[in-house]
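Index from 1, following the sequence.
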Amino acid sequence: MPFHRFLLAAALASAGMAQAAAPLGQYNIDTGKISVSGLSSGGFMANQLGNAYSSTFMGVGIFAAGPYMCAGHNNYTACMYNASISASQQSAMQGSIDSDSANGTIDGKSGIAAQKIYIFTGTSDYTVGPNLTDALQTQYLNNGVPAGSITYVKRSGAAHVLPTDFDSTGNNACSSSTSPFISNCGYDGAGAVLSHFYGALNARNNAPAAANYIEFDQSAYTAGNPGMAANAWLYVPASCASGAQCKLHVVLHGCQQSTDKIGDKFVKNTGYSRWADTNQIILLFPQTRIDNTSRSTAKSGSLANPNACWDWIGWYGGNFAQKSGAQMAAIKAMVDRIASGAGSGDGGGTTPPTDPVLPAPTGLSLSGATATSMNLAWNAMAGASGYNVYRNGNKANALTVYATSYTDSALTASTTYSWAVRAVDANGAEGDASNAVSGTTLAPTQSPGTCTTASNYAHTQAGRAYQQGGYTYANGSGQSMGLWNVFVTTTLKQTATNYYVIGTCP
């Protein structure tokens with residue numbers, strides 16, 4: 001390399017201008033053999049994905065996690081620490097499955113009954129524990145999964161870990177719930193879950209080729225979700241890269257296992273790639289990231305996410321366990337992209353278009369900011385039948401937008417938001433996300449002394465109050481306003497910027 005080019009390359013590297021991760025590829029996938037598994041928060045997310053997209057995932061593996069919507073109805077602590085799940089709690093969670101299935105926010109629940117289910121817990125797991133996995137098994141049985149389709153393993157002495165049968169540098173002991181939460185327990189968890197889904201497997205390759213691990217640009221699918229990393233990983237066996245039809249398995253790490261926590265240990269040391277390499281299985285390893293911003297959750301008050309957990313408690317919206325949930329939709333979009341290569345279909349019998357995923361819309365711009373709204377506009381796209389708008393990673397529009405503009409309302413004054421747009425094709429499939437654009441709403445126009453009477457829920461949505469532990473508190477004064485719901489009504493008086501007290505105005 002000429003010396004001046006060497007100096008330029010060195011300068012770019014030192015400035016952090018490394019080459020960007022590759023775009024996510026398309027492969028020939030047997031769409032009848034797509035499955036998912038995960039540990040801890042990744043196990044909760046695997047269960048959510050399996051329930052919400054039961055027509056996509058034929059197998060669901062859960063290591064050390066509890067039932068669907070547990071933290072949607074309870075403080076998250078009631079879904080951990082080997083807590084017992086009562087019949088009434090089971091009934092409430094089942095009610096979510098029934099109603100979500102009926103209204104289409106998840107796939108029809110009949111699809112759950114057709115899935116193969118794998119459940120693992122350690123008897124020394126005090127982070128989640130057997131009581132929660134027992135409740136998970138009960139939930140699957142209640143939804144029609146035959147007992148013969150469920151493999152449930154309780155490993156004596158195992159803690160809160162992803163179990164393997166080999167040693168890797170830096171692993172913790174099987175009896176210890178410490179980082180990186182990957183342990184030689186004398187039990188091959190990856191092999192067990194994959195063989196339950198796909199039947200007898202070819203002998204594994206204990207030295208998968210380094211070139212088969214592919215870091216890709218995940219941000220194209222996350223719509224700016226603050227809990228998901230910019231990049232993620234694939235493992236693609238050579239035969240799959242050459243066009244052979246392959247299976248697809250999504251692997252979800254747990255809390256404190258993202259790449260910004262433990263590097264590539266979860267991707268490379270859990271054993272999944274050893275089996276994938278010899279059995280024509282592509283592996284998708286989506287990645288979260290640390291999010292230290294405190295956010296309202298479904299039932300656990302306001303919490304940050306410093307451990308880079310998957311969203312199983314509602315950090316990123318009340319729809320966190322549904323198809324429209326920010327992280328749910330992002331993973332599904334990646335699955336759809338991978339499975340859109342030539343030849344993909346159920347056993348190869350159906351060939352979709354070579355590239356059915358619409359590209360990202362261009363020209364997204366913001367204008368006309370008020371204290372409560374922002375106008376968006378973007379360029380029209382050929383092949384699009386409509387568009388969806390995402391605000392801070394969550395879908396903002398209830399119905400498909402058919403114009404190339406949208407007014408996002410019910411925003412909070414003096415607040416910065418990030419927007420992105422995705423095109424929708426005639427079949428309702430979303431394309432890639434546009435570049436995110438950020439903007440700030442104007443300061444509130446109301447002067448001190450203004451009173452507003454509204455439900456406690458509406459006050460929190462408008463930024464006049466916040467909720468914690470199911471109760472509502474006025475911004476600034478912190479006065480308790482009672483239960484956080486749409487039924488309790490309170491009058492708040494603004495006495496200074498972002499300072500409210502319970503009271504009345506003349």
Where is the tightest heavy-atom contact between [X] and [Y], given as atom of each residue plus distance?
X: Cys79; Y: Phe44; value: O-CZ, 3.8 Å
X: Ser96; Y: Met69; value: OG-CE, 3.8 Å
X: Ala232; Y: Pro286; value: CB-CA, 3.9 Å
X: Ala64; Y: Leu39; value: CB-CD1, 4.0 Å
X: Ile338; Y: Leu234; value: CD1-CD2, 3.7 Å
X: Ala308; Y: Ser258; value: CB-OG, 3.4 Å

Q. Run the side-chain hydrogen bond (donor to acceptor under 3.5 Å, both in side chains) check on Ser324 and Asn319 step by step: do they pass?
A. CA-CA 6 Å; Ser324 59; Asn319 60 349; 3.0 Å; yes

In terms of side-chain geometry, is the basic nitrogen of [X] or [Y] positioned less than 4.0 Å from the acidic oxygen of its partner?
X: Arg204; Y: Asp277; value: no
X: Asp165; Y: Arg274; value: no
X: Asp100; Y: Lys109; value: no

Between [X] and [Y], is any pair of side-chain heavy atoms under 4.5 Å apart?
X: Tyr81; Y: Leu132; answer: no
X: Tyr390; Y: Val421; answer: no
X: Tyr316; Y: Pro226; answer: yes
X: Asp264; Y: Tyr213; answer: no
X: Val424; Y: Arg422; answer: no
X: Asn171; Y: Pro180; answer: yes
X: Ile282; Y: Lys247; answer: no
X: Asn172; Y: Val161; answer: yes

Closer than 3.5 angstrom, by distance alone: can the side chain of [X] be matched with the main-chain N or O of [Y] as a donor-acceptor pair?
X: Thr138; Y: Asp134; result: yes
X: Ser124; Y: Ala159; result: no
X: Ser344; Y: Ala339; result: yes
X: Asn392; Y: Ser418; result: yes
X: Gln257; Y: Gly254; result: yes
X: Arg155; Y: Cys185; result: yes
X: Asn307; Y: Cys309; result: no

Quick check for you: to the nearest 0.5 Å, what is the distance between [X] atom [atom1] and [Y] atom [atom2]?
X: Asp408; Y: Leu376; atom1: CG; atom2: CG; answer: 6.5 Å
X: Ile119; Y: His196; atom1: CD1; atom2: NE2; answer: 9.0 Å
X: Leu49; Y: Gln327; atom1: CG; atom2: CD; answer: 9.5 Å

Any luck finding a side-chain donor-acceptor pair between [X] and [Y] under 3.5 Å?
X: Ser385; Y: Tyr402; result: no
X: Thr164; Y: Asn184; result: no
X: Asp188; Y: Trp275; result: yes
X: Gln26; Y: Ser340; result: yes
X: Asn143; Y: Gln94; result: yes
X: Tyr68; Y: Asn47; result: no
X: Asp107; Y: Ser55; result: yes
X: Gln245; Y: Asn28; result: yes
X: Gln89; Y: Ser86; result: yes

Q. Given the rule in the side chain to side chain contact (heavy atoms under 4.5 Å, CB included) test, do Gln287 and Val267 qualify, once you have shown the distances and angles that lead to the verdict?
A. CA-CA 10 Å; Gln287 292 294 311; Val267 175; 4.2 Å; yes

Q: Before giving the answer on side chain to side chain contact (heavy atoms under 4.5 Å, CB included), spell out for Trp378 and Tyr406 the whole-Å C-alpha distance, their side-chain angles and the decisive distance to 0.1 Å.
A: CA-CA 9 Å; Trp378 56 92; Tyr406 178 77; 3.9 Å; yes

**Q.** Check against side chain to side chain contact (heavy atoms under 4.5 Å, CB included), Leu162 and Phe181
**A.** CA-CA 6 Å; Leu162 195 296; Phe181 303 94; over 6 Å; no

Q. Between Asn397 and Asn388, is a side-chain hydrogen bond (donor to acceptor under 3.5 Å, both in side chains) present by the stated rule, with each step listed?
A. CA-CA 7 Å; Asn397 54 298; Asn388 286 328; 2.9 Å; yes

Q) Hey, is CG on Asp260 packed in by over 12 heavy atoms from elsewhere, all under 6.0 Å? A) yes

Q. Just wondering, are more than 12 heavy atoms of other shown residues or ligands nearer than 6.0 Å to NZ in Lys299?
A. no

Q.
Applying ring pair (Phe, Tyr, Trp, His ring centres under 6.0 Å) to Phe120 and Tyr187, what does each step give before you reach the verdict?
A. CA-CA 11 Å; Phe120 176 94; Tyr187 179 80; 5.6 Å; yes

Q | Ring centres under 6.0 angstrom apart (Phe285, Trp233) | A | no

**Q.** Verdict with supporting geometry, Lys154 and Asp125, salt bridge (Lys or Arg N to Asp or Glu O under 4.0 Å)
**A.** CA-CA 10 Å; Lys154 292 184 178 180; Asp125 182 351; over 6 Å; no

Q: Decide yes or no on side chain to side chain contact (heavy atoms under 4.5 Å, CB included) for Met58 and Ile34, but give the supporting numbers first.
A: CA-CA 6 Å; Met58 50 73 66; Ile34 300 175; 5.5 Å; no

(Q) Walk me through whether Gln218 and Asn231 qualify under side-chain hydrogen bond (donor to acceptor under 3.5 Å, both in side chains). (A) CA-CA 5 Å; Gln218 180 179 254; Asn231 296 339; over 6 Å; no

Q. Quick one: is the NZ or CZ of Lys33 closer than 6.0 Å to the six-membered ring centre of Phe197, and within 45° of its axis?
A. no

Q) For Tyr272 and His249, what are the C-alpha separation, side-chain angles and deciding distance, and is it a ring pair (Phe, Tyr, Trp, His ring centres under 6.0 Å)? A) CA-CA 9 Å; Tyr272 281 94; His249 183 69; 5.6 Å; yes

**Q.** Worked check of ring pair (Phe, Tyr, Trp, His ring centres under 6.0 Å) between Phe63 and Tyr118
**A.** CA-CA 8 Å; Phe63 293 85; Tyr118 174 92; 5.3 Å; yes

Q: Take Tyr76 and Thr297 through the side-chain hydrogen bond (donor to acceptor under 3.5 Å, both in side chains) test and state the conclusion after the steps.
A: CA-CA 10 Å; Tyr76 77 93; Thr297 63; over 6 Å; no

